[in-house]
Amino acid sequence: MPELPEVQCVVNSIKDKIENKKIKKIVRFSKNLREPLSNDLFKLENSTVKKIIRRGKYIIITLESNKDFYLIVHLGMTGSLLFKEKNQKKEKHDHLKIEFENFDLIYNDIRKFGFVIIDDSLKDNKYIKKLGVDPLKNSFENGEFLFKSSRDKNRDVKVFLLDQSIVAGIGNIYIMEALFLTKLNPKIKVKDLTFIECVNLSKTLVFLLEESIKLGGSSISDYKDADNKKGSFQDKFLIYGKKTCSICLSEVEKIKQNGRSTYFCPVCQKL
DNA sequence: ATCCCCACCTGGCCGC
DNA sequence: TGCGGCCAGGTGGGGA
């Protein structure tokens, strides 16, 4: 489900409701997510939510009790955070309930590829410390980062941009859409991109991510924000999941790159 | 150091 | 209707 825009929309939908609110109680329904839901999570009880941010595809909630600590959430493929009224009964795939005074926040995850962990430090956290630059910050859109970081990299451009340790937040769909819009073949070696191509691709990625956030993200099958609202950016897809090219009507090709599917138009996106 | 591939898990869809 | 096979927004780890 969730690439950068979807995660940002979840953050946007919970931010105002839980900031400065106190967590009353934690209820754990199961343990075996990608990272087990540990007993440390009970430290959340009686702490106060200070701040919520997105970093790559991670949701980071800063909590205040004696000293600050962090709740780190990754949604995997099917994770969601959902507001529920008090005393609703547990639904299938609910794993964790964070109870506030007037509502509950539920972590639900069908495939259990996500996780919810606690850490005292962000910069030492094994997941967060590995993340690359955020494409919505650091002037990523000027293309210089992509150009400079890729000069010696003999990897397909699509695979390179999916590497979260280089750029954090881009996922399979948005990279495909960006390559289609810039008429770049996903198999081009990233070191072969010209500076102008790096500029175009970077700008296009940022444009797509920001447009998607404005539309509430993309809802394929089951994505929803914490208020149960679906996004509509999936209606803007030009290549992902398509049979024919929306520009030239050629048959869209579907290939695998590093085990992930890639859709592209062999005519518009010639190598 | 890099790169590729697989496993992790559940459910939906397609074809027989 | 049922069952097998394949696919899905992600990622860490192990082997080459």
Side-chain angles (χ1 to χ4, degrees), chain A residues 1-11 29-37 54-59 72-81 91-95 107-117 125-132 135 149-179 186-191 205 208-209 212-213 215-225 230-243 252-263:
Chain A
M1 150 219 314
E3 303 183 29
L4 186 155
E6 292 74 39
V7 177
Q8 185 66 55
C9 290
V10 171
V11 167
F29 300 115
S30 63
K31 286 191 185 178
N32 54 334
L33 298 180
R34 180 151 73 91
E35 289 267 349
L37 292 173
R54 177 193 58 74
R55 175 81 177 86
K57 297 173 194 167
Y58 294 79
I59 298 164
I72 302 171
V73 181
H74 193 287
L75 301 174
M77 291 276 262
T78 52
S80 57
L81 282 172
E91 293 192 55
K92 203 172 184 185
H93 309 303
D94 283 355
H95 301 292
Y107 182 76
N108 178 289
D109 191 343
I110 297 169
R111 293 177 69 185
K112 305 183 196 172
F113 287 171
F115 60 78
V116 182
I117 55 173
N125 178 265
K126 64 184 257 200
Y127 298 107
I128 303 301
K129 72 181 181 188
K130 278 194 268 196
L131 295 175
S149 62
S150 63
R151 292 308 82 195
D152 55 346
K153 296 294 191 295
N154 192 34
R155 304 170 75 181
D156 295 356
V157 57
K158 189 213 167 199
V159 173
F160 182 81
L161 281 165
L162 279 180
D163 185 335
Q164 302 297 300
S165 71
I166 297 163
V167 185
I170 296 170
N172 203 31
I173 293 181
Y174 293 93
I175 183 58
M176 269 185 255
E177 294 293 321
L179 290 167
K187 288 178 285 190
I188 296 174
K189 296 301 175 192
V190 67
K191 67 179 178 184
L205 275 166
L208 287 171
L209 296 171
S212 181
I213 292 168
L215 293 179
S218 303
S219 290
I220 306 160
S221 77
D222 52 9
Y223 165 77
K224 290 165 188 151
D225 71 11
K230 294 196 170 209
S232 61
F233 194 73
Q234 66 281 4
D235 302 337
K236 308 283 181 186
F237 292 165
L238 295 176
I239 193 74
Y240 175 75
K242 302 292 181 193
K243 292 257 187 288
V252 166
E253 263 189 52
K254 189 181 176 190
I255 59 170
K256 291 273 182 191
Q257 289 176 287
N258 272 19
R260 312 289 310 275
S261 53
T262 301
Y263 293 81

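Quick caveat, the model's predicted, so the values are computed rather than measured. Numbers restart at 1 for each chain; the letters A, B, ... are given by sequence-line order, proteins then strands.
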Quiz item: Using purine N1 to pyrimidine N3 plus N6-O4 or O6-N4 for Watson-Crick, or N1-O2 and O6-N3 for G-U wobble, each under 3.5 Å, what pairs with dC8(B)?
Solution: dG10(C)

Quiz item: Atom CG of Asn172(A) and atom C1' of dT11(C): how far apart are they, to the nearest Å?
Solution: 13 Å

Practice problem: Give the rounded distance in Å between these two atoms: CD1 of Ile72(A) and P of dT11(C). | Solution: 14 Å

Self-check item: Atom NZ of Lys236(A): over 12 foreign heavy atoms under 6.0 Å
Solution: no

Quiz item: Counting only Watson-Crick or G-U wobble pairs whose two distances fall under 3.5 Å, which nucleotide matches dT2(B)?
Solution: dA16(C)

Quiz item: 5' to 3' on DNA chain B, which nucleotides open and close the contacts with chain A (atom under 4.0 Å from a heavy atom)?
Solution: dC3(B) to dG11(B)

Quiz item: Any side-chain heavy-atom pair from Val252(A) and Lys243(A) closer than 4.5 angstrom?
Solution: no

Quiz item: What nucleic acid atoms does Gly171(A) come within less than 4.0 Å of, heavy atoms only: base, sugar-phosphate, or nothing?
Solution: sugar-phosphate

Quiz item: What is the distance from CD1 of Ile255(A) to C1' of dC7(C), rounded to the nearest Å?
Solution: 17 Å

Practice problem: Run the salt-bridge test on Lys126(A) and Glu35(A) with the 4.0 Å N-O cut-off and return the result as yes or no. | Solution: yes

Quiz item: Met77(A) side chain: which of dC7(C), dG12(C), dG9(C) is closest?
Solution: dG9(C)

Practice problem: Whole angstrom is fine here: how far is it from CZ in Phe233(A) over to P in dG9(C)? | Solution: 16 Å

Quiz item: If you look at every strand shown and take non-hydrogen atoms under 4.0 Å, does Asn154(A) touch a base, only sugar-phosphate, or nothing?
Solution: sugar-phosphate

Self-check item: Most 5' of Arg34(A) and His93(A) on DNA chain B, judged by nearest nucleotide
Solution: Arg34(A)

Quiz item: Given atom CD of Gln164(A) and atom P of dG12(C), what is their separation to the nearest angstrom?
Solution: 8 Å

Exercise. Could you tell me whether the phosphate oxygens of dG9(C), OP1 or OP2, come under 4.0 Å of any side-chain nitrogen or oxygen in Tyr240(A)?
Key: yes

Quiz item: Are any non-hydrogen side-chain atoms of Lys224(A) and Ser219(A) less than 4.5 angstrom apart?
Solution: no

Quiz item: Between the main-chain N or O of Gly114(A) and the side-chain N or O of Asp109(A), is there a donor-acceptor pair closer than 3.5 Å?
Solution: yes

Self-check item: Separation of the P atoms in dC3(B) and dG9(C), to the nearest angstrom
Solution: 22 Å

Self-check item: Short side-chain N/O contact from Ser261(A) to OP1 or OP2 of dA8(C), under 4.0 Å
Solution: yes

Quiz item: Whole-Å distance between dG12(C) P and Lys57(A) NZ?
Solution: 10 Å

Quiz item: So, for Gly79(A) and Tyr107(A), which heavy atoms are closest and what is the spacing to 0.1 Å?
Solution: CA-OH, 3.6 Å

Practice problem: Mind checking Tyr127(A) for me? I need base, sugar-phosphate or nothing, with any heavy atom below 4.0 Å counting as a touch. | Solution: sugar-phosphate

Self-check item: Under 3.5 Å side-chain donor-acceptor pair for Lys130(A) and Asn125(A)
Solution: no

Practice problem: Report which part of the nucleic acid Phe160(A) touches: base, sugar-phosphate, or nothing (heavy-atom distance under 4.0 Å, all strands). | Solution: nothing

Quiz item: What is the ring orientation for Phe237(A) with Tyr174(A), classed by angle as parallel under 30°, tilted 30 to 60°, or perpendicular over 60°?
Solution: perpendicular

Quiz item: Base, sugar-phosphate, or nothing for Ser219(A), non-hydrogen atoms under 4.0 angstrom?
Solution: base

Self-check item: Nearest-angstrom distance from the residue atom CD1 of Ile128(A) to P of dG10(C)
Solution: 16 Å

Practice problem: Find the distance His74(A):NE2 to dG10(C):P and express it as a whole number of Å. | Solution: 8 Å

Exercise. Indicate, with a heavy-atom threshold strictly under 4.0 Å, whether Phe115(A) touches base, sugar-phosphate, or nothing.
Key: nothing

Quiz item: What does Arg260(A) touch in the nucleic acid at a heavy-atom separation under 4.0 angstrom: a base, only the sugar-phosphate, or nothing?
Solution: base

